[in-house]
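One structure is given here, and the rest of the page talks about it.
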Amino acid sequence: MPELPEVETVRRGLAPTMEQARLERLETRRPDLRFPLPDQFSERVSGRTIIGLGRRAKYLLIDLDDGMTIIAHLGMSGSFRIEEAGPAEIPGDFHHPRSKDEKHDHVLFHLTKGDRSLRVIYNDPRRFGFMHLWTRSDLDLYPAFAGLGPEPTGNLLDAEYLAARFRDRIQPLKGMLLDQTVIAGLGNIYVCEALWRSGLSPKRKAGTLVTKAGKPKPELMALTVAIREVIADAIAAGGSSLRDHIQTDGSLGYFQHSFSVYDRETEPCRREGCGGIVSRLVQSGRSTFFCETCQK
DNA sequence: CCTTGAACCTGGGCGC
DNA sequence: TGCGCCCAGGTTCAAG
């Protein structure tokens, strides 16, 4: 379930462990995830020191001290966990029970930090995730980054920008906001949530939020604010849940939110005084949750 | 160019 | 402790 806030939470959870750690060895347990792993992946990163963890949209960036960056995308089901790799560790040792889905541990980062030995493990049952190795100074040339829209929390996202992108477009808002070239990092959940918060229907044609002169209507200004708030709130919730979120097994999965509409079909709308019921529809193959009563 | 739909892959939940 | 069906938060590619 990694949209931008989840990836940011993962980044914050991993940073204290990974930053300034030495990547002694990278272990790949299969040659590919969604795409082939980089050629000679282990050979090219082993022995490097991790100098920082970054994020662009839903991509996690692991910066190495030789100018290379590991670009990791969690797909739909990817997660990281941290394990202490102490001297007592024995495979199958009952003191160290193996997780049930160990078979989906695909990439293991064997780290040392001071006198500590750690492993950061990438697990991904569906294997929609992927990893690439890229020169950091050329990161903008990474194909998926080249056409990426602005970050929803950044200064480049404003109503004027969205007006320019929405103008004369007949595509429904739902699809438009999922387009990573329009805004980078929104996914199915937070698009539903932002539309609910701004009182706009996911079926609304994007162009109808723009005046003939190409200026943003008040509705588009409200949507812009809602997007920023939804993402900021989710990041704050992830950050505040981080301590609880890192379980004793070190897993960094996804925190629970209380969503306003997402996955709440047939439940009452949470807007004060609305009284509507959340409904679900399918738009371009994806579930959309919204309230017919208050989203117009 | 714009828009939609299918494909990639595995697992969980549900009804029978 | 089965079996089939539907569903899942993302991205890319092809075709209309």
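Numbered from 1 within each chain, the chains take letters A, B, ... in sequence-line order.
The salt bridge (Lys or Arg N to Asp or Glu O under 4.0 Å) analysis of residues 264-276 of chain A, with sequence neighbours excluded, yields the pairs A:R264-A:E267. Residue pairs that meet the salt bridge (Lys or Arg N to Asp or Glu O under 4.0 Å) test with at least one member in residues 184-202 of chain A, sequence neighbours left out, are A:R197-A:E229, A:R197-A:D233. Applying the side-chain hydrogen bond (donor to acceptor under 3.5 Å, both in side chains) test to pairs two or more places apart or on separate chains, those with a residue in residues 204-215 of chain A are A:R204-A:T208, A:R204-A:E219. Identified under the ring-ring contact (aromatic ring centres under 6.0 Å, His included) test for residues 273-296 of chain A, with sequence neighbours left out: A:Y262-A:F289. Within the structure, every pair that satisfies the salt bridge (Lys or Arg N to Asp or Glu O under 4.0 Å) test and touches residues 125-154 of chain A, not counting sequence neighbours, is listed here: A:R55-A:E151, A:R56-A:E151, A:D63-A:R136.
Atom-to-atom, NZ of A:K174 to C1' of C:dG10 comes out at 12 Å; the value is rounded to the nearest Å. Taking atom NE2 on A:H73 and atom P on C:dT12, their separation rounds to 8 Å, with Å as the unit. Nucleotide C:dG10 holds its P atom 18 Å from the CG atom of A:L33, rounded to whole Å. Going from atom CZ of A:F128 over to atom P of C:dA8 covers 13 Å, rounded to whole Å. Separating the CZ atom of A:R34 from the P atom of B:dA7 is a distance of 13 Å, rounded to the nearest angstrom. Here C:dC13 presents its P atom at 15 Å from CD of A:Q180, a figure rounded to the nearest Å. The distance from atom CZ of A:F145 to atom C1' of C:dT11 is 13 Å, rounded to the nearest whole Å. Atom P of nucleotide C:dA8 and atom CD1 of A:I189 are separated by 11 Å, given to the nearest angstrom.
In terms of modelled atom types and a separation under 3.5 Å, the side chain of A:H104 and the main chain of A:E102 share no donor-acceptor contact. At distances below 3.5 Å, not a single donor-acceptor pair connects side-chain atoms of A:K174 with backbone N or O atoms of A:S201. Without hydrogens or angle criteria, A:E3 side chain to A:G187 main chain gives a donor-acceptor distance under 3.5 Å.
Screening A:D65, A:L111, A:T112 for a side chain to side chain contact (heavy atoms under 4.5 Å, CB included) involving A:T49 leaves a single residue, A:D65.
Scored by the side chain to side chain contact (heavy atoms under 4.5 Å, CB included) test, A:M176 finds A:F166, A:R169, A:Q171, A:V182, A:A206 as partners (sequence neighbours excluded). Under the rule for a side chain to side chain contact (heavy atoms under 4.5 Å, CB included), the partners of A:D32 that lie at least two apart in sequence or sit in another chain are A:R30.
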Practice prompt. State the dot-bracket string of DNA chain C. Criteria: Watson-Crick or G-U wobble, both atom distances under 3.5 angstrom; notation: ( ) intrastrand, [ ] crossing earlier pairs, | interstrand, . unpaired.
Written response: .|||||||.|||||||
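The gap from the P atom of B:dC9 to that of C:dC3 amounts to 23 Å, rounded to the nearest Å.
Contact between the side-chain N/O atoms of A:R286 and the OP1/OP2 oxygens of C:dG10 is found at a separation under 4.0 Å. Side-chain nitrogen and oxygen atoms of A:S77 include none within less than 4.0 Å of the OP1 or OP2 phosphate oxygen of C:dA8.
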Sequence neighbours left out, cut at 3.5 Å: what donor-acceptor pairs do the side chains of residues 34-43 of chain A make with other protein atoms?
| unit_1 | atom_1 | unit_2 | atom_2 | d |
| --- | --- | --- | --- | --- |
| A:S42 | OG | A:L26 | O | 2.7 |
| A:S42 | OG | A:S46 | OG | 3.3 |

Using a cut-off of under 3.5 Å, enumerate the N/O to N/O pairs linking the protein to nucleotides 11-15 of chain B.
| unit_1 | atom_1 | unit_2 | atom_2 | d |
| --- | --- | --- | --- | --- |
| B:dG11 | OP1 | A:K103 | NZ | 3.1 |
| B:dG11 | OP1 | A:H104 | NE2 | 2.5 |

Please enumerate all protein N or O atoms sitting under 3.5 Å from an N or O of nucleotides 1-4 of chain B, with distances to 0.1 Å.
| unit_1 | atom_1 | unit_2 | atom_2 | d |
| --- | --- | --- | --- | --- |
| B:dT3 | OP1 | A:I170 | N | 3.0 |
| B:dT3 | OP1 | A:Q171 | N | 3.0 |
| B:dT3 | OP2 | A:R169 | NE | 2.6 |
| B:dT3 | OP2 | A:R169 | NH2 | 2.6 |

Check nucleotides 14-16 of chain C against the protein and report each pair of N or O atoms closer than 3.5 Å, with its distance, or say if there are none.
none

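Between A:S279 and A:C291, every side-chain heavy-atom pair lies at or beyond the 4.5 Å cut-off.
The residue among A:P143 and A:G285 whose nearest nucleotide of DNA chain C is located toward the 5' end is A:G285.
Contacts of A:R127 with the nucleic acid, taken as non-hydrogen atoms under 4.0 Å apart, involve only primed sugar atoms and P, OP1 or OP2. Backbone-only contact: A:Y262 has heavy atoms under 4.0 Å from sugar-phosphate atoms and none from a base.
Ring pair A:F109/A:Y122: centre-to-centre distance not below 6.0 Å.
Taking every side-chain heavy atom of A:Y59 into account, C:dT11 is the closest of C:dG10, C:dA8, C:dT11.
Between A:S79 and A:N123, the side chains place no donor N or O within less than 3.5 Å of an acceptor N or O (distance only, hydrogens not considered).
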